[in-house]
J.: 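First, the structure itself, so that you have it in front of you.
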Amino acid sequence: MILAQSASVSSSGSLPALFDLAIVGGGIVGLTLACALKDTGLKIALIEAKPRDAGLQFRRAYAITLMSGKIFAGLGIWDEILPQITTFQQISLADEHYPAVVRLQPEDLGTDELGYVGEHHVIVQALLNRLEGAESITWICPAEVQQADYQTDRVTLTLSIAGELQTVQTRLLVAADGSRSPLREAAGIQTQGWQYWQSCITAVIRPEKSHGNIAREHFWASGPFATLPLPENRCQIVLTAPHAEAEKWLEVEESEFLAELERRYDGQLGKIELLGDRFLFPVKLMQSDRYTLSRLALVGDAAHCCHPVGGQGMNLGIRDAAALAQVIKTAYQRGEDVGSLQVLRRYERWRKFENLMILGFTDFLDRFFSNTVLPIVLVRRLGLHVMGAIRPLRFLALKLMTGMSGKSPAVTLSHQAQSLEERKETEPLLPSPS
Ligand SMILES: Cc1cc2nc3c(=O)[nH]c(=O)nc-3n(C[C@H](O)[C@H](O)[C@H](O)COP(=O)(O)OP(=O)(O)OC[C@H]3O[C@@H](n4cnc5c(N)ncnc54)[C@H](O)[C@@H]3O)c2cc1C
């Protein structure tokens, strides 16, 4: 039986013979790509192993960059998301108990804010609402891809749908199927990278004192400790530590865990309450050797993964989706074959190097700030003073952290133009050196 649901599936439940595009993976990145392409005229299959609304139950919050906000605005979902998330105007960087704290402010970048924190279900719900009733999208879900056979002009996918095998064909296959990407592995694409010596614990807390809409990245010798402000004075924490220590923080009594958090906050947030469970995640860095083959493109975690310090992973994936959508749309309008390597390489050339920069940046932050060798400790503490004193340095760091470096996808342009227009009277775009 076929569980596909869409206006483009006939009443007999049969699937279209050939799709222009099949997106495998209905996580945030796959859904973003589908939203970006839904009005192009392309016939799109959206294939997801879990039930369509499974993402609404997943509990995690993300730092959302300014660039992701602009992409979501361009896709027409930002007005739904924005009232449900937190906007932060300050990023506070600190090194263990060292007193020099660098406070990054919007004026360092010439913007009104520095970023946002939103929950997974809020983003997924807005994307699903946007896709609701789209004639061009055929949901095939829950369905798992078992095999992909590449031919010259198409890919034949064998899907397991409710225990039965069914095939669909597509001109272009997009793997948005996460870091373990079965499609990437089956295609023989190699990856480079490593598993970190650390894991991270995530949890949602409510502090007694106001979180002040501040995103805190506190560097400890054991690893970075992020506190992301959420609505209703809740915070998502991401505590990174060597595996054994991270496991310990997962297993200890709640009171002991909270005492550790209060120790780390040094009284700044008052008593801490834990809301819900703690979760443990392994941390890895990975970059695929190629993002594309003929008829195949990788996006999001299927193409790359990074350390959660700086909250970049999902944001890179959203950018991949916007860039790939632009490349495909342009090629389609020109009458080119959207699955050809010639077309897909444009996406790879655009995104692979930009992602590598951010992967390197997160790796540098983790290694530099987790290092206990005295000369390095001294250099980085001096570095905090230098950064606090020199505005162009803060500007450069913020350009990277907010996703505002690199090439902007076209979907952001109308929104960008609008906000630039709003700001140009009051704020300079480039900071003057201080
Ligand atoms: C602790 C932690 C904190 C993080 N914090 C942040 C943050 O603050 N900001 C940020 O930007 N990023 C953050 N990240 C990274 C972020 O979670 C990921 O980069 C992002 O979720 C990747 O999304 P994706 O859609 O590419 O993959 P996924 O979310 O993994 O989605 C893949 C989808 O593919 C489906 N699938 C897989 N195989 C198949 C198949 N064979 N057939 C059909 N469907 C299939 C899966 O069911 C799944 O729904 C964090 C990560 C961790 C671990």
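Counting starts at 1 for both ligands and their atoms, following the listed order.
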J.: One residue to check: Gln312. Relative to ligand 1, which of side chain, backbone, both or neither has a non-hydrogen atom less than 4.0 Å away?
T.: backbone
J.: Heavy-atom contacts with Ala63 under 4.0 Å: which atoms of ligand 1 show up? List them by number with element.
T.: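 Answer, ordered by atom number: 7 (C), 8 (O), 9 (N), 11 (O).
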J.: Starting from atom 28 (P) of ligand 1, locate the nearest protein heavy atom and write down its residue, its atom name and how far away it is, to 0.1 Å.
T.: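 Heavy-atom neighbour on the protein nearest atom 28 (P) of ligand 1: Gly178 CA, 4.2 Å.
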J.: Below 4.0 angstrom from a heavy atom of Cys200, which ligand 1 atoms are there? Numbered from 1 as shown, please.
T.: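 With Cys200 as reference, the close atoms of ligand 1 come out as 1 (C).
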J.: Using a plain distance cutoff, I'd like to know if Gly311 has any nitrogen or oxygen under 3.5 Å from a nitrogen or oxygen of ligand 1.
T.: yes
J.: Would you tell me which option among His120, Glu48, Glu144 has the nearest heavy-atom contact to atom 40 (C) of ligand 1?
T.: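 Residue with the shortest heavy-atom distance to the ligand atom: Glu144.
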J.: Going by heavy-atom distance to atom 19 (O) of ligand 1, choose the closest among Asp301, Val145, Leu183.
T.: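 Nearest heavy atom to atom 19 (O) of ligand 1 lies in Asp301.
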J.: In ligand 1, which numbered atoms sit nearer than 4.0 Å to a non-hydrogen atom of Thr202?
T.: 1 (C)
J.: For Gln312 and Thr362, which I'm curious about, is there any donor-acceptor pair between the side chains at under 3.5 Å?
T.: no
J.: If you measure from the Lys or Arg side-chain nitrogens to the Asp or Glu carboxylate oxygens, is any gap between Arg263 and Glu260 under 4.0 Å?
T.: yes
J.: Is Lys399 paired with Asp108 through a side-chain N to carboxylate O contact shorter than 4.0 Å?
T.: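 Salt bridge absent between Asp108 and Lys399.
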J.: Please identify which atoms of ligand 1 are closer than 4.0 Å to at least one heavy atom of Lys50.
T.: 47 (O), 49 (O)
J.: At under 4.0 Å between heavy atoms, which part of Tyr62 makes contact with ligand 1: side chain, backbone, both or neither?
T.: both
J.: Is the charged tip of Arg60 near the ring of Phe281: under 6.0 Å from the six-membered ring centre and within 45° of its axis?
T.: yes
J.: Before giving the answer on side chain to side chain contact (heavy atoms under 4.5 Å, CB included), spell out for Thr402 and Leu109 the whole-Å C-alpha distance, their side-chain angles and the decisive distance to 0.1 Å.
T.: CA-CA 9 Å; Thr402 57; Leu109 188 62; 3.7 Å; yes
J.: With heavy atoms of Ile28 as the reference, note each atom of ligand 1 found under 4.0 Å away.
T.: 25 (O)
J.: Is Asp337 paired with Arg171 through a side-chain N to carboxylate O contact shorter than 4.0 Å?
T.: no
J.: Looking at Arg234 and Glu119, is there a salt bridge between them, counting it only when a charged N and a carboxylate O are closer than 4.0 Å?
T.: yes
J.: With a cut-off of 4.0 Å, which atoms of ligand 1 are near a heavy atom of Gly300?
T.: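 By the 4.0 Å cutoff, the relevant atoms are 26 (O).
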J.: With a heavy-atom distance limit of 4.0 Å, tell me whether Val24 approaches ligand 1 through its side chain, its backbone, both, or neither.
T.: side chain
J.: Where does Ala54 meet ligand 1, judged by heavy-atom distances below 4.0 Å: at the side chain, the backbone, both, or neither?
T.: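 It is neither; nothing of Ala54 touches ligand 1.
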J.: Can you tell me which portion of Ala176 lies within the under-4.0 Å heavy-atom range of ligand 1? Options are side chain, backbone, both, or neither.
T.: backbone
J.: NZ of Lys352: more than 12 outside heavy atoms within 6.0 angstrom?
T.: yes
J.: Less than 4.0 Å is my threshold; does some heavy atom of Ser181 fall inside it relative to ligand 1?
T.: no
J.: Return the set of residues passing side chain to side chain contact (heavy atoms under 4.5 Å, CB included) with Leu250 (not counting sequence neighbours), or none when no residue passes.
T.: Ile201, Arg278, Leu280
J.: Which protein heavy atom lies closest to atom 51 (C) of ligand 1, and at what distance to 0.1 Å?
T.: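 Scanning the protein heavy atoms, the shortest distance from atom 51 (C) of ligand 1 goes to Arg60 NH1, 3.3 Å.
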J.: Looking only at N/O atoms, are Met314 and ligand 1 under 3.5 Å apart anywhere?
T.: yes
J.: Do Lys407's NZ or CZ and the ring of Trp350 fall within the cation-pi criteria of under 6.0 Å and 45°?
T.: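 That pair qualifies as a cation-pi contact.
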J.: So which protein heavy atom does atom 29 (O) of ligand 1 come closest to, and at what separation?
T.: Gly27 CA, 4.3 Å
J.: Does Ala323 offer a backbone N or O that forms a donor-acceptor pair with the side chain of Arg351 under 3.5 Å?
T.: no
J.: Starting from atom 36 (N) of ligand 1, locate the nearest protein heavy atom and write down its residue, its atom name and how far away it is, to 0.1 Å.
T.: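 Heavy-atom neighbour on the protein nearest atom 36 (N) of ligand 1: Asp177 CB, 4.0 Å.
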J.: Please find the pair of heavy atoms, one from Gly27 and one from Glu48, that lie closest to each other, and give the distance.
T.: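 Looking at all heavy atoms of both residues, the closest pair is N-OE1, 4.1 Å.
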J.: Using distance alone, decide if ligand 1 has a nitrogen or oxygen within less than 3.5 Å of any nitrogen or oxygen in Val29.
T.: yes
J.: Using heavy atoms and a threshold below 4.0 Å, how should the contact between Ala49 and ligand 1 be classified: side chain, backbone, both, or neither?
T.: both
J.: Tell me, which protein residue and heavy-atom name are nearest atom 34 (O) of ligand 1, and how many Å apart are they?
T.: Gly25 CA, 3.2 Å
J.: Out of all atoms in ligand 1, which are within 4.0 Å of some heavy atom of Ala143? Include the element for each.
T.: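 Close to Ala143: 42 (N), 43 (C).
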J.: According to side chain to side chain donor-acceptor pair (under 3.5 Å), who are the partners of Tyr62, at least two apart in sequence or on a separate chain?
T.: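 In terms of side chain to side chain donor-acceptor pair (under 3.5 Å), with neighbours along the sequence ignored, Tyr62 is linked to His120.
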J.: Gly317 near ligand 1, heavy-atom distance under 4.0 Å?
T.: no
